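Before any comments, here is the structure.
Treat the numbers as computed from the prediction; the structure is a model and nothing was measured.
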Amino acid sequence: MTDGAWSATRPGLAPREVATHCPYCALQCGMTLREDDTGVSVHPRQFPTNRGGLCQKGWTAAELLDHPERLTTPLLRDPATGELRPASWDAALDRVVAGIRAVQQDAGGDAVAVFGGGGLTNEKAYALGKFARIGLRTRHIDYNGRFCMSSAAAAGMRAFGIDRGLPFPLADLGRADTLLLVGANPAETMPPLVRWLTEQRRNGGRLIVVDPRVTATARQADLHLQPLPGTDLAVANALLHIALIEGWVDRSYVAERTSGFEAVRRSVAAWWPARAEQLSGVPVADLEETARALGTGGRVIILTARGAEQHAKGVDTVTAYVNLALALGLPGRDGSGYGCLTGQGNGQGGREHGQKADQLPGYRRIDDPAAREHVAGVWGVPADELPGPGVPAYQLLDSLGTPDGPRALLVFGSNPVVSAPRASRIEGRLRDLDLLVVADLLLSETAALADVVLPTAQWAEEDGTMTNLEGRVLRRRALRPPPPDVRTDLDIISALAVRLAPDEAAATEAAARFPADPAAVFAELRRASAGGIADYAGISWARIDGDDGVWWPCPTEDGPDTPRLFAERFATPDGRARFHPVDHRPAAEEVCSAYPLHFTTGRVLAQYQSGTQTRRVPALRRAAPEAFVELHPDLAARLGIDDGDPVRVTSRRGELCAPARLSAGIRPDTVFAPFHYPGAGRANSVTNDAVDPISGMPEFKICAVRVAKA
């Protein structure tokens, strides 16, 4: 690599451009990057999902490529001073390998853990899962997508036999006669999607939003239901109760395409609207109007997102809305259905190919003997050498550095110091490790604690694939190579695998087994996923390039892909969808005299995830420079708090301090804070680490707090 080959500001640089996708959310908006001697510029393109639109984050995405805080050399913790200092790649990798060997020789393979991210390409997610299981021989791997999509994924699997966020093209939203959004705020989380909502209403459709706050999305709705956080399940059961009473259940669909309805019918009989109103605060009239719009609309879509899912009963909550959709005969019907709005850029693909504790590539279960045989065959190892299931993300993080937990952790593409619940506790766990290794492009709050920091390439400097919220596999294309002393994650994984080999012959085998070329990795991913739920066998880079992406499952190169699921059958053994009776239960932590208010979290328009990237973009930092605490004016008056006053929010786990922001759009019994910020304003210092027993999802969206002027 010649000096300056990567620089966007070198005079006389030959102009070039490449069609790629935004590095942020799961909408994966199409964009074109252009580079000349003045820099790298972003231009929206007419891709089917965004149709030429970009949000402010997308417009400014290229500003990080040459950011002055970008990591451009490995860093090692100096034992004498405790400071991170620049080092060579040889020194950094030697330190990592020595640390891994030391803890595994003392405590076994599971003494090392891996934590990935929902923003990694499919190739990197696949390679990371493979490296954990046959390179490190550890069962301990999970990823931050556990904090995003896991509840909806589990609900989808038990109802439909498959987990794909949207089982239909995004364009269906614009055709819906009734669209119900539950716990979703796309106007701030993925603004280009709002074009479809605008089109839906322009076509005469009704938009109904369920959210405890009057968000930017709720302000566009025809009807806004504002429940107490944690009561979405009761609302769903009441809606199905009304549909049954009014005769809106599609009896023929239920009889022909589902099983288990009778148990659900009996369970929702107790959820008369007045009971749901008393619990949730949603008026009976609004429940009845919503049920009528769903039950009598022609094309009807129900969507859930994090607001409904990030609870210790998230799987059951999503299941309640799936039950409602099935009873109305929506899934598989043209222009109708149930779906989930995936959050992270590769939140869909990132959970399909081996990053999750219980999964192998192709969305295979790691405890399924046939799945183990297939994947082991592709990897060239005996099936009995594959480790068993690991533990979900929070359980893994909370076990770090403890007598029975991992003593070393490798982190790729995640920042749990900010993003994990009960974050102060997790920060302490990370400090207790014998070895913490972080691969990142910037010095995140987690990287700042590391013993070794490895600088990685950015989205515009590597090829690969992403899978968007529709299950559409897309091509990420490199505009330029990374800086001279920066490597891709695939390079890092390959180098570690080679160095961990016991001898020269094994090192040669490891180099072949863990290629750094993303095209080679994707070719193997296709074979490993073949025959699985998420079957990519028929998807090639060339086919993606020619078709604006390819929807999985796609078993053969010359056969069709699957933009729309469930038209004829569901992915269950008998082809029928499964109803599951679910009942409301209280939040894991209820309010009391000491902690009398409900606390909930979410995103703001200008920031993304833990903010490692967006907080460093000047325009985004100006738009949303700091954390805040949103309170209703009546609550603020009672507490003697004025707009802008510093306030302290305290839970049983910790506290955050940030300026007050008064808003009549939030319930008087609830306070809100965005989760993008570290330090004193870290919302996850407060949140509850209770988890869903099925999905492992923490209860981010509700806990009990008290608020006072700081």
(message) Would you say the ring centers of Phe115 and His140 fall short of 6.0 Å from each other?
(response) no

(message) According to side-chain contact (heavy atoms from CB on, under 4.5 Å), who are the partners of Leu433, at least two apart in sequence or on a separate chain?
(response) Leu400, Leu409, Leu430, Leu436

(message) Under a 4.0 Å threshold between the charged nitrogen and the carboxylate oxygen, would Arg70 count as salt-bridged to Glu63?
(response) no

(request) Return yes if some donor-acceptor pair links the side-chain N/O of Ser399 with the main-chain N/O of Leu396 below 3.5 Å, else return no. (result) yes

(message) Quick check on the 6.0 Å ring-centre criterion: do Phe147 and Phe700 meet it?
(response) yes

(message) Would the distance check show the side chain of His224 and the main-chain N or O of Ala218 forming a donor-acceptor pair, the cut-off being under 3.5 Å?
(response) no

(message) Within this structure, what is the CG-CG distance for the pair Leu84 and Leu443, rounded to the nearest 0.5 Å?
(response) 6.5 Å

(request) Given salt bridge (Lys or Arg N to Asp or Glu O under 4.0 Å), test Arg77 with Glu83 step by step and report yes or no. (result) CA-CA 5 Å; Arg77 182 80 57 189; Glu83 296 179 356; over 6 Å; no

(request) Please check if atom CZ in Arg95 has more than 12 non-hydrogen atoms from other residues, nucleotides or ligands closer than 6.0 Å. (result) yes

(request) Determine, stepwise, if the pair Glu630 / Arg213 fulfils salt bridge (Lys or Arg N to Asp or Glu O under 4.0 Å). (result) CA-CA 10 Å; Glu630 185 177 277; Arg213 301 169 61 226; 2.9 Å; yes

(request) Take Thr600 and His598, measure what side chain to side chain donor-acceptor pair (under 3.5 Å) needs, and give me the verdict at the end. (result) CA-CA 7 Å; Thr600 192; His598 304 281; over 6 Å; no

(request) With side-chain contact (heavy atoms from CB on, under 4.5 Å) as the test, would you mind laying out the steps for Val437 and Leu454 before giving the verdict? (result) CA-CA 8 Å; Val437 181; Leu454 304 175; 4.0 Å; yes

(request) Decide side-chain contact (heavy atoms from CB on, under 4.5 Å) for Phe412 and Lys124; before the verdict, give the C-alpha distance in whole Å, the side-chain angles of both, and the deciding distance to 0.1 Å. (result) CA-CA 9 Å; Phe412 288 79; Lys124 292 190 288 188; over 6 Å; no

(request) Give a yes or no on whether the backbone of Val417 and the side-chain of Thr446 come within a donor-acceptor separation of less than 3.5 Å. (result) yes

(message) Working note: Thr467 + Asn122, criterion side-chain contact (heavy atoms from CB on, under 4.5 Å); need CA distance, chi angles, decisive distance, verdict.
(response) CA-CA 8 Å; Thr467 305; Asn122 289 317; 3.1 Å; yes

(request) Would you please name every residue forming a side chain to side chain donor-acceptor pair (under 3.5 Å) with Asp211, sequence neighbours left out? (result) none

(request) With rounding to the nearest 0.5 Å, note down the distance linking CZ in Arg16 to CG in Leu33. (result) 9.5 Å

(message) Donor-acceptor pair, distance only, cut-off 3.5 Å: does the side chain of Glu123 make one with the backbone of Thr465?
(response) yes

(message) I'd like to know if the side chain of Thr614 and the backbone of Gln607 have a donor-acceptor N/O pair within less than 3.5 Å.
(response) no

(request) Cation-pi check, Arg51 to Trp196: give yes when NZ or CZ is under 6.0 Å from the six-membered ring centre and within 45° of the ring axis, no otherwise. (result) yes

(message) If I take atom CZ from residue Arg351 and atom CD from residue Gln344, how far apart are they, to the nearest 0.5 angstrom?
(response) 10.0 Å

(message) Test your reading of the model: is there a side-chain donor-acceptor pair from Thr304 to the backbone of Leu341, 3.5 Å cut-off?
(response) no

(request) For salt bridge (Lys or Arg N to Asp or Glu O under 4.0 Å), just list the numbers for Arg648 and Glu655, CA-CA rounded to whole Å, side-chain angles, deciding distance to a tenth of an Å, and then say yes or no. (result) CA-CA 7 Å; Arg648 178 176 288 107; Glu655 65 179 33; 3.2 Å; yes

(request) Starting from the C-alpha separation in whole Å, work towards a yes-or-no answer on salt bridge (Lys or Arg N to Asp or Glu O under 4.0 Å) for Arg429 and Asp398. (result) CA-CA 6 Å; Arg429 293 284 190 256; Asp398 194 38; 3.4 Å; yes

(request) Examine distances only and state if a side-chain atom of Arg653 and a backbone atom of Arg425 form a donor-acceptor pair shorter than 3.5 Å. (result) no

(message) Tell me which one of Leu128, Thr121, Leu120 satisfies side chain to side chain contact (heavy atoms under 4.5 Å, CB included) with Asp489.
(response) Leu120

(message) Let me confirm one number: the CD-SG distance from Glu188 to Cys55, rounded to the nearest 0.5 Å.
(response) 11.5 Å

(message) Can you give me the closest heavy-atom contact between Ala658 and Leu656, atom names plus distance?
(response) CB-CD1, 4.1 Å

(request) Output yes when a side-chain donor or acceptor of Asn688 lies under 3.5 Å from a complementary backbone atom of Cys703, and no otherwise. (result) no

(request) Indicate yes or no for a side-chain donor-acceptor contact from Gln458 to the backbone of Pro482 under 3.5 Å, with no hydrogens or angles considered. (result) no

(request) Spell out, as yes or no, whether a donor-acceptor pair under 3.5 Å connects the side chain of Glu35 to the backbone of Arg480. (result) no

